[in-house]
Amino acid sequence: MSEPLVIVGNGMAAARLCEELAQRALGRYAVAVIGEEPRLAYNRVLLSSVLAGEIAASDISLKPASWWSDRGVTLCYGAGVTAVDVAARTVTLSDGAALPFAKLVFATGSRAICLPVAGADLPGVMTFRNMGDVASIARAARRGARAVVVGGGLLGIEAAYGLAKAGAAVTLVHLMDRLMERQLDAPAAALLKRALEARGIEVLLNAATARFIGDSHVEGVELKDGCVLGADTVVAAVGIKPNAELAARAGIAVNRGIVVDDRVATNRPDVFAIGECAEHRGICYGLVEPAYEQAQVLAARLAGRDARYLGSVNATNLKVSGVHVFSAGDFLGAPGTESIVLSDHGLGTYRKLVIAEGRVVGAVLFGDTTDALWYLDLIRSGVAIETIREELIFGRALAERQAA
Ligand SMILES: Cc1cc2nc3c(=O)[nH]c(=O)nc-3n(C[C@H](O)[C@H](O)[C@H](O)COP(=O)(O)OP(=O)(O)OC[C@H]3O[C@@H](n4cnc5c(N)ncnc54)[C@H](O)[C@@H]3O)c2cc1C
């Protein structure tokens, strides 16, 4: 008889886990996926492209309904799990239904953080995390509307771009002294600012939000220096928080996220966590690739193989049409590392590689990202680069010719 395996959350990590299980352990488990969002799992990464009007919302489903049923996966979406009883091995859904499990996987992702300032609950103040948010932002993004985006990280920039493309007058407000400070060094961030300004987005750095102004709807954003920006719409993209409360209530160890070991197992038997809700070796990743790597390890283990998750290299691409940005690994360069830099301010291109002990450990590319995956492979594999070092910064074609 198949063992009941319940996956809480029907996001990107859950979908990848089912895909991997279908390849490795078909028939061994009776899989049920429970998702709060009222739709099939979709590619969340592409929400920015939906907002920018580059693809339709209907195009981002990860799998058609038939894919799930063909593989015998029971899908329940539109009803979240409200309680987990680890001892009795049951989950309870918001509609009161209860499901038994032999193995349980948390794949509950994260949610957007709201700014802890006055007015954050005013209508017109939004976040950017799911399909519902995209629909709300898109409705507000009409020609001539005044929009303020708070947060100059990847999501904030992509939201600002989507709003500007729809014709809104957009101001991007960022607390730090450069955009995407978690992925870019100062020269690359300066080029990015210039590229956004060229697309009509006003960028304010070192700008702290004091409060949102308005009575029945947001009317503006007041900064801590007293400056007031008029706004019909505000998108706050200031960070994410792992959805770990359900696990905590069930007595599972939670720190910032649900704590897992190298087997992506929690501290309770047969209970696992993958994706943005999981915390591995003190890190909660906010990217999809680590979620996929964790899903792969878990599927292998559920199929009876020994597999370990040892952590991921962070790598990011910005999805703003015509603005090519890539960052991976130790992009700033820790003490003891060296940097190779190639920069042409006039052309708006910048390339930096960080080297440690004869290996590439980080990269920032702006303007031309054609070799991004190759550099990422070098970082992930940790291969020695001494034979290609001279041409390394000029890209794969020249470096490989040198090595030949
Ligand atoms: C606009 C945007 C752009 C992004 N761009 C990139 C990018 O370029 N590159 C990149 O690597 N990453 C990007 N990300 C992040 C990426 O989407 C996430 O890393 C990825 O979706 C994580 O997958 P997950 O399955 O862990 O979480 P999610 O995809 O968030 O899925 C979790 C699901 O669980 C559901 N859930 C939560 N609690 C419960 C419950 N109690 N019961 C039932 N269901 C529940 C949630 O509703 C959600 O549907 C982006 C994210 C956004 C929002």
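One-based numbering, in listed order, for ligands and for the atoms of each. Hydrogens, waters and symmetry mates are skipped; everything else that's a heavy atom, side chains included, is used.
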*How close do Val125 and Gly119 get, heavy atom to heavy atom, and via which atoms?*
CG2-O, 3.8 Å
In terms of residue, atom name and distance, what is the protein heavy atom nearest to [atom]?
| atom | value |
| --- | --- |
| atom 45 (C) of ligand 1 | Glu36 CB, 3.8 Å |
| atom 42 (N) of ligand 1 | Val81 N, 2.9 Å |
| atom 35 (C) of ligand 1 | Gly9 CA, 3.8 Å |
| atom 31 (O) of ligand 1 | Gly11 CA, 3.2 Å |
| atom 17 (O) of ligand 1 | Arg44 CB, 3.3 Å |
| atom 25 (O) of ligand 1 | Ala13 N, 2.8 Å |

Heavy atoms, side chains only, cut-off 4.5 Å: are [X] and [Y] in contact?
| X | Y | answer |
| --- | --- | --- |
| Gln294 | Tyr285 | yes |
| Lys352 | Phe331 | no |
| Leu184 | Leu179 | no |
| Val325 | Asn317 | no |
| Lys319 | Val45 | yes |
| Leu47 | Tyr42 | yes |
| Leu204 | Leu229 | yes |

When you compare ligand 1 with [X], is there at least one nitrogen or oxygen pair between them that comes in under 3.5 angstrom?
| X | answer |
| --- | --- |
| Glu158 | no |
| Glu289 | no |
| Gly275 | no |

*Under the side chain to side chain donor-acceptor pair (under 3.5 Å) rule, what do Gln183 and Ser327 come out as? Steps first, then yes or no, please.*
CA-CA 6 Å; Gln183 290 91 12; Ser327 160; over 6 Å; no
Looking at [Y] and [X], is any side-chain nitrogen of the basic one under 4.0 Å from a carboxylate oxygen of the acidic one?
| X | Y | answer |
| --- | --- | --- |
| Arg178 | Asp185 | no |
| Lys193 | Glu197 | yes |
| Lys165 | Glu54 | yes |
| Arg111 | Glu36 | no |

Ligand-side contact atoms (ligand 1) for residue partner [X], heavy atom cut-off under 4.0 Å:
| X | answer |
| --- | --- |
| Gly80 | 42 (N), 43 (C) |
| Glu37 | 47 (O), 48 (C), 49 (O) |
| Ala107 | 32 (C), 33 (C), 34 (O) |
| Val288 | 10 (C), 11 (O), 12 (N), 19 (O) |
| Arg129 | 27 (O), 28 (P), 30 (O), 53 (C) |
| Thr108 | 32 (C), 34 (O), 36 (N), 37 (C), 38 (N), 39 (C) |
| Gly109 | 26 (O), 27 (O), 30 (O), 32 (C) |
| Gly286 | 15 (C), 19 (O) |

For [atom], the option (of [options]) bearing the nearest heavy atom:
| atom | options | result |
| --- | --- | --- |
| atom 21 (O) of ligand 1 | Glu245, Met12, Arg39 | Met12 |
| atom 22 (C) of ligand 1 | Arg111, Glu276, Lys319 | Glu276 |
| atom 13 (C) of ligand 1 | Thr82, Val91, Val8, Val45 | Val45 |

Contact partition for [X] relative to ligand 1, non-hydrogen atoms under 4.0 Å:
| X | value |
| --- | --- |
| Phe128 | both |
| Leu287 | both |
| Leu155 | side chain |

_Arg129 vs Glu276, salt bridge (Lys or Arg N to Asp or Glu O under 4.0 Å): CA-CA, chis, key distance, verdict_ = CA-CA 13 Å; Arg129 178 71 198 178; Glu276 285 192 359; 3.0 Å; yes
